[in-house]
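All values derive from a computational prediction rather than experimental measurement.
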Amino acid sequence: MTDQQAEKPNYKKTLNLPKTAFPMKANLAQNEPQSLKKWLASGLYDRVRSARADAPRFIFHDGPPYANGDIHVGHLMNKVLKDLVVRSRLMEGEWCDYVPGWDCHGLPIEYRVMTELVESGKIAKLADLEEDARRMAVRRECRKYAEKSQKRQRTQMERLLTFADYDNPYLTMQPEFEGATVEVFADLVAAGLVYRDLKPVHWSIDNETALAEAELEYRDCEDCSIYVEFEAADREAVGRVFGVELDTTPSFMIWTTTPWTLVANLAIAVHERFDYALARIDGSETIIASALLEKVAAMGGAEEIEILGTCTGAQLDGLRYRHPFCDRESPVVLADYVTLEDGTGLVHTAPGHGADDYRTGLREGLEVYCPVLGDGTYDETVPEWMRGLSIWKANPEVVERLRESGHLFHDHLFTHSYPHDWRSKTPVIFRATEQWFIGVDKDFADGGSLRQRATEAVNTTVSFVPAWGRNRMLGMLESRPDWCLSRQRAWGLPIPAFSRPDGESFLTAASARAVAEAFRARGSDAWFTETPKELLASYDLASDPDAPEGLDLSSLTKMQDIFDVWFESGSSWNSVMRERDLGFPVDLYLEGSDQHRGWFQASLLPGIGVTGESPYRTLITHGFMVDKDGRKMSKSGGNALAVEELLKSYGADVCRWWVSSLAFENDVKVDVEFFRLAGESYRKIRNTVRFLLSNLVGFEPDKHQVALEDIEPHTADGWILGHAAQVERHVREALHRYAFREAHLAIYDFCNDALSATYCVAVKDRLYCDAEDSSRRRACQSTIFVLADLLCRLLAPIIPHTASEIHGSLHGEGIEVFEASHLGLSYESATEWPAIMRQREGVLKALEEAKARGIENPLDAGVVVPDPEDAFAAFAEDFADLCGVSRARFEHGIGEIEIEDLREELRCERSWKRDGTVRARSDGGLLSDRDAAAIGL
RNA sequence: GGGCCUGUAGCUCAGCUGGCUAGAGCGCACCCCUGAUAAGGGUGAGGUCCGAGGUUCGAGUCCUCGUAGGCCCA
């Protein structure tokens, strides 16, 4: 027994079996940081940049994430999508700067810092400081926090293998950025677009300060809810609308929970599509939304209700009414925020005391009337009985007055959630204060408003991916109000405005430029540490045509507003792209679809205002992360995925492979499960490449490479090369138009179908069994070398670490794949291949059926395939391998595929084929002619 | 409440300007290989195209109204 076995030749040793150091297991979490280190150490970014100094440039501009907290899956997708663009361009031989940015100023950081100061008790020390010193103390803490967050996020983003210039990022708190941003502002001032006006903000009476959204907390609060009747000014006009004759004057019934604001009432808002009724309620005529009539009447204890007529809100538009206790008339206007949930369907409107009211007032040209002072008392413009009264004391007073004068229909106490100052825990009011604005409807000297010009640009010079972005943007441009630029906070870029002794503000283009110069040199902290004179050192009053007459610079004091952070990031096309000479206008901005209102619009308006053109040529938007059921990801809920964990479990390349597979224009479902699936698909690619690499043992390109033109178009090599050339063109073209998913699928299908399931299986026989140096085997290895090289480059933009691994395996460690470009493979395979591959489908089905006859292994079969045109004979040899059978022939005389049972024929002990040439050889083994020759028998 | 978008096999998605028995991959089931082996290959079963109306000779595709979800605004 043992002897017999020893006698049997061991043919396995004579085969050229695959061998490679390229591991099946990627170990990405361990190995990617090594790659990263290697690239950083060798200065890859700079190396590629200088090598591409004269190459065509693609101008990309990174939008700044907020420097706060760890990056989340949304950042992961955003940054990787950007990197796909950048690396795609590199692989096309172009250069594309990726200068990463961070948004550093703003409330979220200031709020956090303030909370920490309060909790640590340090806040008490600040209280004694002067205003500027106090703000500087806060700013120093905020800067520290922003720097820390930025560094943290930088590391996390680098870990995603993004090819960006992390050593030279832009931060909105950098002096040059600040200076360049104020210069944008100066240009807008020069264009006459900037003005100062009243606008309602959340106001804390206790602290006498404006509050931002994040400084509010909502608490339950008991308030007086009142239904008030405002007499119509023109009885007949109302009668005409409702088509009735009226003997008495009807009223408009409004509802409010803030009686103290009634004194500032300047309009009543109705919804144009709602129905309104003119009703006689217990003898008096009242106008109220039809849907609410019964409910309100019942609340007021009414006994008799008679509807005299109805109309739509649109018909009420323009009617006028008399204020119940002030001597004035005001209009009925339309507003789309009117609802039928509460109240009467007619909304009390006080433009100085509500955000909605304010917008409506702006549109209707109403005064922003705010008779309430910072300490919560009324000023001199109100009726005498209210003057000097605190608004909280005024509330019951107002109700009583209305009751006495017969204007009160009903009142009751009720509990609702109402905003409070988070520090003093006192209720907050809406109060109009002076703010800076950019006017979107102000005409330029040469005609046209910002709104018109921006709309024009969006319609003509900007392309949108996906295309519906244009509509969305246009809709937002159409309805947006003037841009309120100012905020009353410490952590931001100061608005370079001064006030004069008479209370007027001083701000001209030239004075703003002088401050910009100071910021550029010494940072915006200068605003808090320097005098107006120092800040305006480079300002020449005499040569400023816009300077007000008789201005005395030494009498100026600094105003305390800072810019809306969106103005800072919205100026980055200047503060980064023009400032650093990176290119303008920019070819591409790529962000989440929320940025249609955010950064895209914040960039478009200043861009148009200053340069006359859109700062970007193409806008790409991606959707948002939702959970696996399509629901919003909640920050507090458990469905948020930690990027760090994903990187640890799957690695950056798998995460990137996942990103490239997404239909990113829509919302993206995210769940660990999807990363696991991406990992499996990644392994499929990796194993396929590994198979290719492992069959290049002993293949030295210099010595053995067969030129492409010498590879026969009718062989399996010819087939795959033609296929590969097509795939390369497709993938490059898809990447070019940002169809990453399409590129991903094309690569995957090529690896999975064309290579793994078809080509690789087919050529195993010749790779393993042909003589090592046979021309057929060398041609196959040459093909494999080209395929691996081609795939490596196609994969480079998506999975850079793996591509680098493959490239190293093929070409050694000297040069990185990112310094190279695509192969540009050109090869035409035989035109018969599509027809032949269709025949292969048929053969595979027939083989499956043949299993029932006992032919379970395809090598036990031969196939005969119809060839009516006698066109396929040359393909027979490779066709057999492509079907996995022992032999194949084409015959023109038959109608359908025939499977031959070869089980009775001898089987080659080396190749396991039954090709008809198998016989006993001198070494005692059964071998086919090819195999005998291969081992020199 | 308004604007924009999405809803096709268990899952992720293709289906362009209306015209084949609605496609692919994954997963699943069954089978093969054991010389890519914590790999590889074959075959197959899966769909009231969110719902209801309408236009049309014909609708997954166009229109209207719903419904569920997302972004932005209010």
Annotated protein contacts, base or backbone, on nucleotides 20-28 of chain B with a non-hydrogen cut-off under 4.0 Å, one of B, S, - each: -----SSS-

5′-ward residue of the pair A/Y768/A/A355 relative to RNA chain B: A/Y768

A/C760 or A/R683, whichever maps to the more 5' nucleotide of RNA chain B: A/C760

Hey, what are the protein-to-nucleotides 6-9 of chain B N/O distances that come in under 3.5 Å?
none

Look through every strand shown and name the nucleotide pairing with [N] as Watson-Crick or G-U wobble, where both distances are under 3.5 Å.
{"N": "B/G18", "result": "none"}
{"N": "B/C4", "result": "B/G70"}
{"N": "B/U64", "result": "B/A52"}
{"N": "B/A36", "result": "none"}
{"N": "B/C11", "result": "B/G25"}

Closest to side chain of A/V761, choosing from B/G42, B/C72, B/G40: B/G40

A/L844 side-chain proximity, nearest of B/C33, B/A38, B/G42: B/G42

Taking only side-chain N and O atoms of [X], does any of them lie within less than 4.0 angstrom of OP1 or OP2 on [N]?
{"X": "A/R480", "N": "B/G3", "value": "no"}
{"X": "A/K632", "N": "B/G69", "value": "no"}
{"X": "A/K669", "N": "B/U12", "value": "yes"}
{"X": "A/K851", "N": "B/C31", "value": "no"}
{"X": "A/R631", "N": "B/G69", "value": "yes"}
{"X": "A/Y11", "N": "B/G35", "value": "no"}

Presence of donor-acceptor pair under 3.5 Å, side chain of A/R472 and base of B/C72: no

base_contact_polar (B/A36 base, A/S756 side chain, donor-acceptor, <3.5 Å): yes

Is any NZ, NE, NH1 or NH2 atom of the basic residue among [X] and [Y] found under 4.0 Å from an Asp or Glu carboxylate oxygen of the other?
{"X": "A/R766", "Y": "A/D881", "result": "yes"}
{"X": "A/D629", "Y": "A/R631", "result": "no"}
{"X": "A/D441", "Y": "A/R451", "result": "yes"}
{"X": "A/D765", "Y": "A/R930", "result": "yes"}
{"X": "A/K845", "Y": "A/E849", "result": "no"}
{"X": "A/K684", "Y": "A/E680", "result": "no"}
{"X": "A/D931", "Y": "A/R910", "result": "yes"}

How far does the [atom1] atom of [N] sit from the matching atom of [M], given to the nearest Å?
{"N": "B/U67", "M": "B/C30", "atom1": "C1'", "value": "41 Å"}
{"N": "B/A14", "M": "B/G1", "atom1": "P", "value": "30 Å"}
{"N": "B/A45", "M": "B/C26", "atom1": "C1'", "value": "15 Å"}
{"N": "B/G47", "M": "B/U8", "atom1": "P", "value": "15 Å"}
{"N": "B/U21", "M": "B/U34", "atom1": "C1'", "value": "40 Å"}
{"N": "B/G7", "M": "B/U17", "atom1": "P", "value": "14 Å"}
{"N": "B/G15", "M": "B/C50", "atom1": "P", "value": "15 Å"}
{"N": "B/C32", "M": "B/A39", "atom1": "C1'", "value": "15 Å"}

Are side-chain N/O atoms of [X] and [Y] paired as donor and acceptor at under 3.5 Å?
{"X": "A/Y418", "Y": "A/T257", "value": "no"}
{"X": "A/D717", "Y": "A/Y759", "value": "yes"}
{"X": "A/W719", "Y": "A/D878", "value": "no"}

Of A/K764, A/R776, A/R777, the residue whose pairing with A/D770 passes salt bridge (Lys or Arg N to Asp or Glu O under 4.0 Å): A/R776

Is_stacked (A/W912, B/G35) at 5.5 Å, 30 deg: yes

Pick base, sugar-phosphate or nothing for [X], based on heavy-atom distances below 4.0 Å to the nucleic acid.
{"X": "A/R910", "value": "base"}
{"X": "A/K764", "value": "base"}
{"X": "A/S479", "value": "nothing"}
{"X": "A/G630", "value": "sugar-phosphate"}
{"X": "A/L15", "value": "base"}
{"X": "A/M473", "value": "nothing"}
{"X": "A/S593", "value": "sugar-phosphate"}

Ring pair (Phe, Tyr, Trp, His ring centres under 6.0 Å) against A/H596, all qualifying residues, sequence neighbours excluded: A/F600

Grab the [atom1]-[atom2] distance between [X] and [N] for me, whole Å please.
{"X": "A/E272", "N": "B/G1", "atom1": "CD", "atom2": "C1'", "result": "13 Å"}
{"X": "A/M625", "N": "B/C5", "atom1": "CE", "atom2": "C1'", "result": "17 Å"}
{"X": "A/D667", "N": "B/U12", "atom1": "CG", "atom2": "C1'", "result": "15 Å"}
{"X": "A/L619", "N": "B/C4", "atom1": "CG", "atom2": "C1'", "result": "15 Å"}
{"X": "A/N857", "N": "B/G41", "atom1": "CG", "atom2": "P", "result": "16 Å"}
{"X": "A/D931", "N": "B/G35", "atom1": "CG", "atom2": "P", "result": "15 Å"}
{"X": "A/E665", "N": "B/C13", "atom1": "CD", "atom2": "C1'", "result": "12 Å"}
{"X": "A/F674", "N": "B/G10", "atom1": "CZ", "atom2": "C1'", "result": "12 Å"}

Donor-acceptor under 3.5 Å (A/Y276 side chain, A/H271 main chain): yes

Main-chain N/O of A/W255 paired to A/H348 side chain as donor or acceptor, under 3.5 Å: no

Assigned glycosidic conformation for B/G46 [threshold 90° from 0]: syn

